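Accompanying notes for the structure given below.
Throughout, protein chains are lettered first and strands after them, A, B, ... in sequence-line order, and every chain is numbered starting at 1. Only a predicted model underlies this, so the values are computations on that prediction, with no experimental measurement involved.
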2 protein chains.
Amino acid sequence: MLRLSKKTDYALLAVRHLAANADRGAVSARELAETYDIPPELLAKVLQKLVRGRLLESQQGIRGGYALARAASAMSVADVIQAVDGPLMVTACSEDDHSCDQYSKCNIRDPLWRIKDRIIAALGATSVAELAMEMPAPLPLPAGVLPLQMVKRP
Amino acid sequence: MLRLSKKTDYALLAVRHLAANADRGAVSARELAETYDIPPELLAKVLQKLVRGRLLESQQGIRGGYALARAASAMSVADVIQAVDGPLMVTACSEDDHSCDQYSKCNIRDPLWRIKDRIIAALGATSVAELAMEMPAPLPLPAGVLPLQMVKRP
DNA sequence: GAGATATCCGACCGAACTAGTCCATCTTAG
DNA sequence: CTAAGATGGACTAGTTCGGTCGGATATCTC
Ligand code: SF4
Ligand code: SF4
């Protein structure tokens, strides 16, 4: 169904919070968890993955916590997703994984990979910094944005 | 992990096949299943969903089968995905489903929805007709039978 | 009309994945 | 030393996904 996982949601929430509060030092996992009502242990795991993905720096010890490892503007949501959920792919197959039963007879692979590239581009185009600055004006929604055609149900 | 389901793969494969062989009449589910090595009963379910989604027409009876309900060029892969897997969404929440625990405190919602729109656009921009015209199929076609392309008037 | 070949539909099952939990260890400020 | 915090692995409940089964219905051919 193309939905991104809850862990990714948590990761984005946390990363956005860290970007917005970059001036303060490290922020503890517990503080993050309480702020957003996230199960602390689960969030801890997500944060660890982000550290392993070189997106966050961790500070152990009694005044420890997490902070961004690089500028929020240099960190895309695609980076966050990949750090948490592994390499993102829209098809089960990939350049080096031909394990799909239909691989040899499949002729929709190339178009789908092209679509995948466009999705990755869309994900890579939005930086964490853009997530951090938000809120005041309820989006300016210009005319002429037709999101999706709905199927008419009688 | 953002991957689209196997059923969607099957649906796209089938729909592409139907688009490429639109000149012949209805194609039976069994023929499709054998051509692509798909479990017949599962493919049948997928095809039924496509019928219910108004993308295919079905013909019952002894010479029955499936055919496209409209021109391949007027059918996007987004349509196919939605018919098979339901409305596609990248977040667990939506305009009318606020069931997420973080909904009230969530401030990444709007950016993510914007990304969702871009993904839907990418999916909607590719038509089934575009899938159909690609690579001369390495299928064991009888000699002389060439997949006919869609007639395009410039 | 009989039978063969199709689609159609719901129920079912096992495997895989997801979200969440528990616990045990390591690290560091105070 | 000790309390607060990170780290890591193992574990469980719940859900989804891929696949299967059985039966009902429609329609063509003979
Ligand atoms: S069906 Fe084609 S595109 Fe989908 S996973 Fe198999 S090979 Fe890749
Ligand atoms: S976290 Fe925010 S974006 Fe993700 S599902 Fe909940 S409300 Fe929607």
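- Nearest heavy atoms, B:S76 versus B:G124: CB-O, 3.4 Å.
- Rounded to an integer number of Å, the gap from A:L4 CG to C:dT18 P is 12 Å.
- Between the side chain of A:D117 and the backbone N or O of A:R114 there is no donor-acceptor pair closer than 3.5 Å.
- Note on A:S58: a side-chain N or O is less than 4.0 Å away from OP1 or OP2 of D:dT7.
- Taking every heavy atom of both residues into account, A:R70 and A:D79 meet most closely at NH1-OD2, 3.7 Å.
- Rounding to the nearest 0.5 angstrom, the gap separating the CG atom in A:N107 from the CG atom in B:L13 is 6.0 Å.
- Using a 4.0 Å heavy-atom distance criterion, B:A29 is classed as a sugar-phosphate-only contact.
- In this entry the distance linking CG of A:L2 with C1' of D:dT16 reads 16 Å, nearest Å.
- In this model, the phosphate group of D:dG19 is approached by a side-chain N or O of B:Y10 to a distance below 4.0 Å at OP1 or OP2.
- Checked options B:L123, B:T8, B:I120; the residue passing with A:L2 is B:L123 (criterion: side chain to side chain contact (heavy atoms under 4.5 Å, CB included)).
- Spacing between atom CG of B:L42 and atom C1' of D:dC21 amounts to 13 Å, rounded to whole angstrom units.
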**Message:** Using a 4.0 Å heavy-atom cut-off to protein, can you give one letter per nucleotide of nucleotides 23-30 of chain C, 5' to 3': B if the base is in contact, S if only the sugar-phosphate is, - if neither?
**Reply:** ----BBB-
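- Through chains of ILVMFWY side-chain contacts below 4.5 Å, B:W113 is grouped with B:Y103.
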Shorter than 3.5 Å, N or O on both sides, protein versus nucleotides 10-12 of chain D: list them out with atom names.
none

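- Distance NZ (B:K49) to C1' (C:dG10): 13 Å, rounded to an integer number of Å.
- Rounded to whole Å, the distance from CG on A:L32 to C1' on D:dG5 is 13 Å.
- Annotation for B:R16 and B:A132: closest pair NH1-O, 3.4 Å, computed over non-hydrogen atoms.
- At whole-Å resolution of the value, CZ in A:R30 and P in D:dA4 are 8 Å apart.
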Side-chain donor-acceptor distances from residues 20-42 of chain A under 3.5 Å, at least two apart:
residue : atom : partner : partner atom : Å
A:R24   : NH1  : A:E31   : OE2          : 3.3
A:R24   : NH2  : A:E31   : OE1          : 3.4
A:R24   : NH2  : A:E31   : OE2          : 3.2
A:S28   : OG   : A:E31   : N            : 3.1
A:T35   : OG1  : A:E31   : O            : 2.6
A:Y36   : OH   : A:H17   : ND1          : 2.8
A:D37   : OD2  : B:K105  : NZ           : 2.8

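- DNA chain D lies under 4.0 Å from no heavy atom of any residue of residues 81-97 of chain A.
- In the set C:dC8, D:dG5, D:dG19, the nucleotide with an atom closest to the side chain of B:P39 is D:dG19.
- Using a 4.5 Å heavy-atom threshold, the side chains of B:I115 and B:V90 count as separate.
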Solution key, residues 49-67 of chain A side-chain donor-acceptor pairs under 3.5 Å, sequence neighbours excluded:
residue : atom : partner : partner atom : Å
A:K49   : NZ   : A:V84   : O            : 3.4

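- Taking atom NZ on B:K6 and atom C1' on C:dA16, their separation rounds to 14 Å, with Å as the unit.
- The two residues A:A125 and B:R118 come nearest to each other via the heavy atoms CB-NH1, 3.7 Å.
- Nearest heavy-atom pair, B:A92 versus B:D97, reported as atom, atom and distance to 0.1 Å: O-OD2, 3.6 Å.
- When the P atom of D:dT20 is taken as reference, atom NZ of B:K7 falls 12 Å away, rounded to whole Å.
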